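Working notes, structure below.
The structure displayed is predicted, hence computed values, not measured ones. Indexing begins at 1, ligand by ligand and atom by atom, following the structure's order.
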Amino acid sequence: MALKDKSLFRQAAPVGGKWIEATAGPGLDVVNPATGAVLGRVPQLGAGEAREAIEAAKRAMEPWSERTAKERSGLLRRWFELIMANKDDLAEILTLEQGKPLTEAAGEITYGASFVEWFAEETRRIYGDIIPGHQKDKRILVMKQPIGVVAAITPWNFPNAMITRKVAPALGAGCGVVLKPASQTPFSAIALAVLAERAGIPLELFSVITGPAREIGGEMTANSLVRKVTFTGSTEIGAELMRQSAATIKKMGLELGGNAPFVVFDDADLDAAVEGTLISKFRNNGQTCVCANRIYVQDSVFEAYSAKLCKAIAELKVGDGMEPGVVLGPLIDKAAVEKVEEHIADARSLGANLMLGGARHERGGTFFQPTVLTDVTADMLIAREETFGPVAPLFRFTDEADVIRQANDTEFGLASYFYASDLSRVFRVAEALEYGMVGVNTGLISTAEAPFGGVKASGLGREGSRYGMEEFLELKYVCLSV
Ligand SMILES: NC(=O)c1ccc[n+]([C@@H]2O[C@H](COP(=O)([O-])OP(=O)(O)OC[C@H]3O[C@@H](n4cnc5c(N)ncnc54)[C@H](O)[C@@H]3O)[C@@H](O)[C@H]2O)c1
Ligand SMILES: O=C[C@H](O)CS(=O)(=O)O
């Protein structure tokens, strides 16, 4: 690791304002998915440390929320500036623990920082209301106040941005945060805490609890001081956390799984559609919640589109994310490879044809060939489950109504995409798709300015945009008799 600032790679975790070193007790190894080498160790913490962090956050919240919005905004702005100033080091740490190519990791750092920048601004615009009274002597005030201690649990696929997308608005709202990052990628979270402390944000407000997920999550969901659980991860775990939180009536933010349709109509710009497919399907090696998971192509353009797509995919370089020119890094672990292989084998057993790839890459380990399947049908696992890997399954369709029905035929509802030129069709299809987000003639929709989130089994709530701040606020109605 060739960091400019070696203090950003810290084998310790901040708990309730104190750093606990990995050497102080049992630790957890973190492995580079590209090489299998141990990168470092983090402390193995548990319910006790989670409780300590929650109580410290509660204590620190009072003085923090009493600071002016301008003060909190300024500290978030400073945090943003430090993240951007250390982008290269943060990107290298991210690539080494998660595997994505360095250029993509740098893109994630910039994207993650944009949430801190955005919510530094939103912090100063948490407006309430004064509503005309219902009686002559009554005045109605609506105040917005911090919801309380926030527990955040995040996944390994975006180990920087999924954290800032939660922590920045929570701190801006005046809350304290206790974070459990994914065990595969804790160092990105720890580096963010190092920079938050350096920016002047009280460390008691932002703890990072590394260790067994179920134990730590159990404390987070049971502790009544926690008033908001914000989770990004699989639908299965999200549902479990929702059940666990019910006893203490916590507000839930759930950013869960997806099964995005990507539809290419006969009036699409095919070159643009191929470009959109590459970014929507192969970003992070297909390991994003908003990846195209089913690609529907209208009959009359199927051959032209699929030929262009395969030509473009064949040029994607597979390798260690630290190598220049690499576009597809390793999958996160062996289980991820096995899931991709299961989806390919199942599809082929049910009649799908292999147009490109289909096997583990010659690099070995968890590297996999980018793959294209044709003649895919709705009865295949790849149509019903999130693949989370570099496999593009192509479906044919005839008419618009039929493809909308197929696109909506899933319990998920996170992202969806389609390419078309006719304006009437654009509005008809965008309005008919049952998803939280729709990309029209683009395969990349995620940005801090927009509300990110899904419907149905893809979750609750939104992150980013002005809506993302509301998730960490409670409304208080004050009825004044004057
Ligand atoms: N909607 C979104 O914004 C979004 C973003 C990224 C990933 N995801 C989804 O996340 C999944 C992939 O990420 P993953 O494999 O890390 O998901 P995961 O659900 O296995 O793990 C997510 C986080 O939850 C923790 N966790 C696991 N079991 C837990 C438990 N019983 N109690 C408390 N915490 C627990 C993990 O340690 C990790 O930190 C995919 O389904 C993907 O679609 C969604
Ligand atoms: O995996 C899903 C994340 O939300 C990725 S992104 O926000 O689309 O970059």
Side-chain angles (χ1 to χ4, degrees), residues 28 46-47 50 98 100 104-105 107-112 114-115 151-166 178-186 188-189 208-222 229-245 253-260 279-280 283-293 331-333 335-336 339 385-389 412-415 417 435-437 439 442-448 450-465 468:
L28 294 167
Q98 194 273 341
K100 66 181 67 173
E104 207 171 313
E108 181 183 339
I109 302 302
T110 302
Y111 172 56
S114 74
F115 288 101
I153 300 176
T154 52
W156 51 263
N157 63 338
F158 285 82
N160 176 286
M162 295 306 96
I163 291 171
T164 57
R165 200 160 82 175
K166 298 170 186 298
V178 179
L179 164 71
K180 193 213 77 69
S183 53
Q184 301 94 325
T185 54
S188 293
V208 179
I209 312 295
T210 51
R214 190 171 294 280
E215 179 185 341
I216 295 164
E219 176 61 31
M220 288 176 158
T221 51
V229 171
T230 174
F231 170 75
T232 297
S234 64
T235 294
E236 178 198 355
I237 300 303
E240 184 176 338
L241 294 172
M242 198 169 178
R243 284 191 293 272
Q244 289 175 206
S245 301
L254 298 174
E255 293 288 349
L256 306 179
N259 180 2
I279 195 155
S280 168
R283 183 162 66 103
N284 200 16
N285 206 7
Q287 300 172 117
T288 92
C289 57
V290 290
C291 276
N293 203 62
L331 290 170
I332 190 69
D333 57 24
K339 182 170 188 184
E385 296 178 356
E386 189 177 40
T387 303
F388 237 55
F412 293 103
L414 189 60
Y417 309 88
Y435 292 84
M437 302 179 283
T442 179
L444 186 59
I445 56 180
S446 307
T447 181
F452 187 104
V455 297
K456 303 197 289 186
S458 290
L460 295 170
R462 292 297 184 270
E463 296 189 338
S465 79

### Ligand-residue contact atoms, ligand 2 with Val290, heavy atoms, under 4.0 Å
8 (O)

I need the contact type for [X] against ligand 2. Using non-hydrogen atoms and a strict under-4.0 Å cut-off, is it side chain, backbone, both or neither?
| X | answer |
| --- | --- |
| Gln287 | neither |
| Ile445 | neither |
| Arg283 | side chain |
| Cys289 | both |

### Task
Under 4.0 Å from a heavy atom of Pro155: give me the atoms of ligand 1 that qualify, with their elements.
6 (C), 7 (C), 13 (O), 16 (O)

### Message
Please list the nearest protein heavy atom to atom 8 (O) of ligand 2 with its residue and the distance rounded to 0.1 Å.
### Response
Ser446 OG, 2.6 Å

### Task
Looking only at protein heavy atoms, identify the closest one to atom 19 (O) of ligand 1 and say how far it is in Å.
Ser234 OG, 2.7 Å

### Query
Any heavy atom of Arg165 sitting closer than 4.0 Å to ligand 2?
yes

### Query
Charged N to carboxylate O below 4.0 Å: is that the case for Glu240 and Arg214?
yes

### Query
Is it true that Lys166 and Glu463 make a salt bridge, defined as a side-chain N closer than 4.0 Å to a carboxylate O?
yes

### Message
What I want to know is whether Leu256 and ligand 1 share at least one N or O pair that is separated by under 3.5 angstrom.
### Response
yes

### Summary
With Leu179 as partner, the option from Val208, Thr210, Thr230, Ile216 fulfilling side chain to side chain contact (heavy atoms under 4.5 Å, CB included) is Val208

Quick one: does [X] get within less than 4.0 Å of ligand 1, heavy atoms only?
| X | result |
| --- | --- |
| Trp156 | yes |
| Thr288 | no |
| Pro181 | yes |
| Met437 | no |

### Query
Is ligand 1 under 4.0 Å from a heavy atom in the side chain of Glu386, in the backbone, in both, or in neither?
side chain

### Sub-4.5 Å side-chain heavy-atom contact between Ser446 and Arg283
yes

### Query
Do Pro159 and Glu108 come within less than 4.5 Å of each other through their side chains, counting heavy atoms only?
yes

